[in-house]
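Following: one structure in structure tokens, then a few remarks.
Every number for a ligand or one of its atoms is a count from 1 in the order of the listing.
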Amino acid sequence: MPATWWRTAVIYEVYVRSFADGDGDGVGDLIGLRERLPHLRDLGVDAIWLTPFFRSPMVDGGYDVADYRDVDPSFGTLADFDAMLADAHALGLRVIIDVVPNHTSSEHAWFTQALQSLPGDPARQRYHFRPPTPDGLPPNDWESVFGGPAWTQVPDGEWYLHLFDPAQPDLNWDNPDVRVEFEDVLRFWLDRGVDGFRVDVAHGMVKAAGYPAAGLTGQIGLLGRRVLPYFDQDGVHEIHKAWRKILDSYPGERMAVAEAWASTAQRLARYTAPDELHQAFNFEFLQANWADPAAVRASIDSCIHAAESVGAPTTWVLSNHDVRRHVTRLGSLERANAAALLMLALPGSAYLYQGDELGLPEVLDLPDDARQDPVWFRSGGTDPGRDGCRVPIPWRAAAPAFGFSPTGAAWLPQPPAFAELAADRSSTVELYREALRLRRSLTGPLRWHESPDGVLDFSRDGLRCVVNLSRTACTLPDMPDSEVVLASRPIDGGALPADTAVWIFARTARSS
Ligand code: NOJ
């Protein structure tokens with residue numbers, strides 16, 4: 001493993017409750033994950049990131065944590081976690097876990113205590129409790145990311161802040177109890193051997209003093225980028241600096257990746273300064289407009305530039321558990337696979353979401369009564385929310401629940417079309433495996449070549465990556481002594497069809 005493994009790592013997101021169900025209750029768990037680790041080793045990823053598996057009432061799929069030091073019974077036990085971690089390490093896979101510091105669950109002992117206390121009690125000061133305005137209204141106009149007001153009133157008249165669901169009260173990071181507690185939680189998991197953390201809402205912990213009005217004119221989406229008094233406040237950087245010191249005090253190059261949103265690439269880069277977190281997700285790339293290939297190229301350049309300005313690696317991601325899967329977003333599996341080959345050829349670290357390697361689309365027709373995302377409920381059923389990208393993974397075409405669980409149970413129904421995409425049948429897996437294998441030989445910077453409109457063409461070391469995002473076929477560059485080693489779909493001769501990418505290697509430089 002290279003010294004700074006995370007600079008080039010491919011990290012695979014496991015949305016635990018939808019990955020593999022070991023005990024047959026229809027909910028993915030740590031035993032199921034453990035059994036499927038060989039799939040991830042064979043795929044060739046360097047690390048896995050596990051979404052929250054801690055004790056939780058599951059109002060927001062586990063991003064509402066009731067106990068940060070225990071495993072939710074639906075996912076298993078701490079012993080199951082330790083066994084999974086040991087197996088992952090034995091297979092050469094690092095393990096990163098989610099930490100959710102912006103808010104707890106309303107069932108966390110601290111919040112229960114706060115509710116049982118009177119206004120002004122220290123137990124309330126671990127959260128943001130505020131008196132109503134003289135007219136009895138919420139303290140200000142802040143809105144929940146999931147829709148509706150960000151404040152909920154308790155029976156004694158005070159309001160508490162929740163930037164997400166009311167079941168996710170925001171913690172008050174000005175309170176030293178909170179800082180001490182989370183430093184201890186990090187140590188708890190680092191001592192168990194985790195390789196790092198994905199920091200949820202890493203830009204949210206500190207709120208502007210005095211709770212100034214946001215002056216919102218509408219709702220902010222999950223992917224919103226407004227300048228807001230509760231996001232990207234300068235004070236969050238102190239927290240990340242303290243966490244970096246803790247990570248650095250452990251052997252084995254532990255790392256952290258920020259889920260952070262900032263109004264500019266420069267402000268985002270601050271999260272990955274040398275004394276802060278190691279990486280930040282690159283949502284700019286995820287949100288790029290693929291109908292405008294020149295904009296995709298410009299965004300690649302600006303992301304590389306911003307990361308370089310602080311000496312951090314760029315990261316790339318096309319899908320995760322919060323967004324519509326890119327097969328659907330980009331319009332076809334062909335285009336999605338072309339985008340994947342582009343992403344995997346770029347310098348830096350790449351994140352895959354479970355099912356990317358199968359070519360899974362978003363499930364758009366889930367029955368309303370199956371939906372569980374709080375976004376669906378908070379929007380009064382006008383926003384379908386994120387369940388469509390969280391449908392349990394198909395492993396075997398001919399098994400009940402497509403092999404997701406031994407009993408055939410699945411917490412969200414899987415569409416019949418998943419049969420053709422199951423891991424034992426999907427034609428996409430081999431493409432990802434090969435790309436991940438070849439990618440290991442790439443170390444150099446990216447160099448663009450002149451190309452026709454709609455075509456992206458660049459080199460890295462011995463690799464030439466050509467991606468045709470236009471509507472018509474284009475001609476491949478004339479490159480003597482080289483060969484197309486990987487294509488996102490079969491190609492014929494020197495023409496590159498629309499929505500297709502190829503990796504061309506000079507015959508001498510090709511790694512075998
Ligand atoms: C970001 C997580 O990815 C998302 O799933 C969650 O709902 C919010 N943070 C709140 O924790």
What atoms of ligand 1 come closer than 4.0 angstrom to any heavy atom of Arg198? 1 (C), 2 (C), 3 (O)
Going by the rule side chain to side chain contact (heavy atoms under 4.5 Å, CB included), which residues pair with Pro313 if we only count those two or more places apart in sequence or in a different chain? Trp6, Arg7, Gln279
Under a 4.0 angstrom heavy-atom cut-off, which atoms of ligand 1 come close to Val201? 9 (N)
In terms of ring plane angle, is the pair His321 and Tyr353 parallel, tilted or perpendicular, where the classes change at 30° and 60°? tilted
Using the ring of each side chain (for Trp, its six-membered ring), is Phe19 parallel, tilted or perpendicular to Tyr12, with breaks at 30° and 60°? perpendicular
Counting heavy atoms under 4.0 Å, the part of Phe146 that contacts ligand 1 is side chain
Atoms in ligand 1 flagged as close to His103, the criterion being non-hydrogen separation under 4.0 Å: 10 (C), 11 (O)
Any atom of ligand 1 sitting under 4.0 Å from a heavy atom of Arg390? yes
Non-neighbouring partners of Phe188 that pass side chain to side chain contact (heavy atoms under 4.5 Å, CB included), sequence neighbours left out: Arg69, Leu78, Arg192
Which of the atoms in ligand 1, numbered in the order shown and given with their element, are less than 4.0 Å from a heavy-atom of Arg386? 4 (C), 5 (O), 6 (C), 7 (O)
Consider only side-chain N and O atoms of Asp322 and Tyr15, and report whether a donor and an acceptor are under 3.5 Å apart. no
